[in-house]
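Everything quoted here is computed from the prediction, not taken from an experiment. Quick note: numbers below take in every heavy atom, side chains included, and nothing from hydrogens, waters or symmetry partners. Whatever order the structure lists ligands and atoms in, that order sets their numbers, starting from 1.
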Amino acid sequence: MKTIDELLAEGVAGKRVFVRADLNVPLSGTTITDDGRIRAVQPTVEKLAAAGAKVIVASHLGRPKGAPDPAFSLAPAAARLGELTGADVAFATDTVGESARATVAALTDGRVAVIENLRFNPGETSKDDAERGAFADQLAELADVYVGDGFGAVHRKHASVFDLPARLPHAAGDLIATEVGVLKKLTEDVARPYAVVLGGSKVSDKLGVIDHLLERADRILIGGGMAYTFLKAQGHEVGSSLLQEDQIPAVLEYLRRAEEKGVEFVLPVDVVVSEQFPDLKTKAPTQHSTVPAHAIPAGVMGLDNGPETNKLYASKLADAVTVFWNGPMGVFEHPDYAEGTRAVAQALVDSSGFSVVGGGDSAAAVRILGFDENAFGHISTGGGASLEYLEGKTLPGLAALED
Ligand SMILES: Nc1ncnc2c1ncn2[C@@H]1O[C@H](COP(=O)(O)OP(=O)(O)O)[C@@H](O)[C@H]1O
Ligand SMILES: O=C(OP(=O)(O)O)[C@H](O)COP(=O)(O)O
């Protein structure tokens, strides 16, 4: 992979450089609740701008349905990038249309523009190679050089991640280089016990990693929205909790193999439940209670690990020498459901082992809950991306930068 410094040595002054970032930041309305992913790509953007490039920053945000949707606009992220870099950042209100073309044409050397959410175009995420390729062709017209630095999205075979770098001279940005450098160590000989904590809500995306973890980890702790498919598989009712019913046979197989291999599987023993999903905008206090994980009443949903689970998980992490954690333990965005996530973060801070926290929301959670980033071994901007990297899968966005 060509590094950004090698690219700079070749000279980028006056060139239009397309930076595929991951600016998929958590928002409350139009307010960014954690800007970590923007800060993470800032060094690459600033290096290119300082070298006189015309920098075009592109990203997805959320999962819009292939059409413009103001709720998923990148405008707040563009404004924040401007504040962080202390320079004007132009914003194009489309991705490959008139606004993008005019915005890029107006860029002078050393200036930066952000184009609108790539996923407003159906070609970005299409499974059809030709449709993705056609969108990549349009993106390629905007730029002379491609820099891949959206680590959080490198596991996606999307037009801007996979097809576009094949059409332009390309290099990897500093963020990708750092992320791969740290995660690579976890694929080599890890210091044991090696514990992995999995939670969050992208259950169908992430359950598959357990297949691999059964060969690597000593302990697997499951929480957050991931836990209920396991509890259901064990025969417990889970009310209206997040559930991936079609994965129950796979989960049963994971539990069986874990026992066979002596991998310790740890599930919540109690959970915090409520009849309704909380309002994350007003954060209004909710009616909630703690129940045993094997006795979740009908009509309620599990929204956090309970206090007994928090103690149990802290004890399982206390002597772990290597820990990888992806996915919050609850709906941490609301104070009534943040304790499980806080407890895992605190356990990692208290432990002397090496901990990697990965994922847009997990990384945001530790910062929003007030933990010092430096208390963790590494905070990765990618959840799904880091899990798939650890699995040893070929990541489209890294493979595309190889040659
Ligand atoms: N029990 C739960 N039910 C529903 N959502 C949950 C639950 N626990 C955690 N979540 C949600 O999971 C989201 C993060 O999941 P995910 O995207 O998989 O993590 P990451 O971005 O760290 O990879 C958070 O927004 C959080 O509110
Ligand atoms: O937030 C992201 O991934 P993550 O939640 O696994 O960290 C990335 O921006 C990828 O987003 P996607 O899972 O909608 O493709």
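On a distance-only criterion, Gly62 and ligand 2 share no N/O pair closer than 3.5 Å. At least one N or O atom of His60, backbone or side chain, sits closer than 3.5 Å to an N or O atom of ligand 2. Polar contact with ligand 2: present for Gly360 (N/O pair, distance under 3.5 Å). Looking at Asp205 next to ligand 2, no N or O pair under 3.5 Å apart turns up.
In this structure a side-chain-to-backbone donor-acceptor pair under 3.5 Å is missing from Asp22 to Phe151. Judged by distance alone, with hydrogens and angles left aside, the side-chain atoms of Asp35 form no donor-acceptor pair with the main-chain N or O of Ile38 at under 3.5 Å. The backbone N or O of Thr286 lies less than 3.5 Å from a partner atom in the side chain of Asp336, making a donor-acceptor pair. Between the Asp129 side chain and the Gly133 main chain, no donor and acceptor come within less than 3.5 Å of each other.
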For ligand 1, list every N/O pair with the protein closer than 3.5 Å, one pair per line with the distance.
residue	atom	partner	partner atom	Å
ligand 1	1 (N)	Gly302	O	3.0
ligand 1	8 (N)	Gly225	N	3.3
ligand 1	12 (O)	Ser201	N	3.2
ligand 1	12 (O)	Ser201	OG	3.3
ligand 1	15 (O)	Ser201	N	3.0
ligand 1	15 (O)	Ser201	OG	3.3
ligand 1	17 (O)	Asp361	OD2	3.4
ligand 1	18 (O)	Ser201	N	3.3
ligand 1	18 (O)	Lys202	N	3.2
ligand 1	18 (O)	Lys206	NZ	2.9
ligand 1	21 (O)	Gly360	N	3.3
ligand 1	21 (O)	Asp361	N	2.8
ligand 1	21 (O)	Asp361	OD2	3.2
ligand 1	22 (O)	Asp361	N	3.4
ligand 1	22 (O)	Ser362	N	2.8
ligand 1	22 (O)	Ser362	OG	2.5
ligand 1	23 (O)	Lys206	NZ	2.6
ligand 1	23 (O)	Asn326	ND2	2.9
ligand 1	25 (O)	Glu333	OE2	2.5
ligand 1	27 (O)	Glu333	OE1	2.7
ligand 1	27 (O)	Glu333	OE2	3.3

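At a 4.0 Å heavy-atom cut-off, ligand 2 does not touch His158 at all.
For the ligand labelled ligand 2, residue Arg119 lies inside the 4.0 Å heavy-atom shell. Using 4.0 Å as the threshold, Asp22 has a heavy atom nearer than that to some atom of ligand 2.
For ligand 2, the atoms closer than 4.0 angstrom to any heavy atom of Asn24 are 1 (O), 2 (C), 8 (C), 9 (O), 11 (O). With ligand atoms numbered from 1 in the order given, ligand 2 contributes 4 (P), 6 (O), 7 (O) to contacts under 4.0 Å with heavy atoms of Gly383. In summary, the atoms of ligand 2 found under 4.0 Å from a heavy atom of Gly359, numbered by their order in the structure, are 7 (O).
Looking at atom 4 (P) of ligand 2, its nearest protein heavy atom turns out to be Lys202 NZ, 3.5 Å. At the top of the distance list for atom 15 (O) of ligand 2, counting protein heavy atoms only, stands Arg156 NE, 2.6 Å. In terms of protein heavy-atom proximity, atom 6 (O) of ligand 2 is closest to Gly384 N, 2.7 Å.
The closest heavy-atom contact to atom 12 (P) of ligand 2, among the options His155, Glu388, Arg63, comes from Arg63.
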request  = Could you check Arg80 against Glu83 for salt bridge (Lys or Arg N to Asp or Glu O under 4.0 Å), going step by step and ending with a plain yes or no?
outcome  = CA-CA 5 Å; Arg80 184 73 189 122; Glu83 286 165 13; 2.7 Å; yes
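Taking the six-membered ring where tryptophan is involved, the planes of Phe230 and Phe265 are tilted, since the angle between them lies from 30° to 60°.
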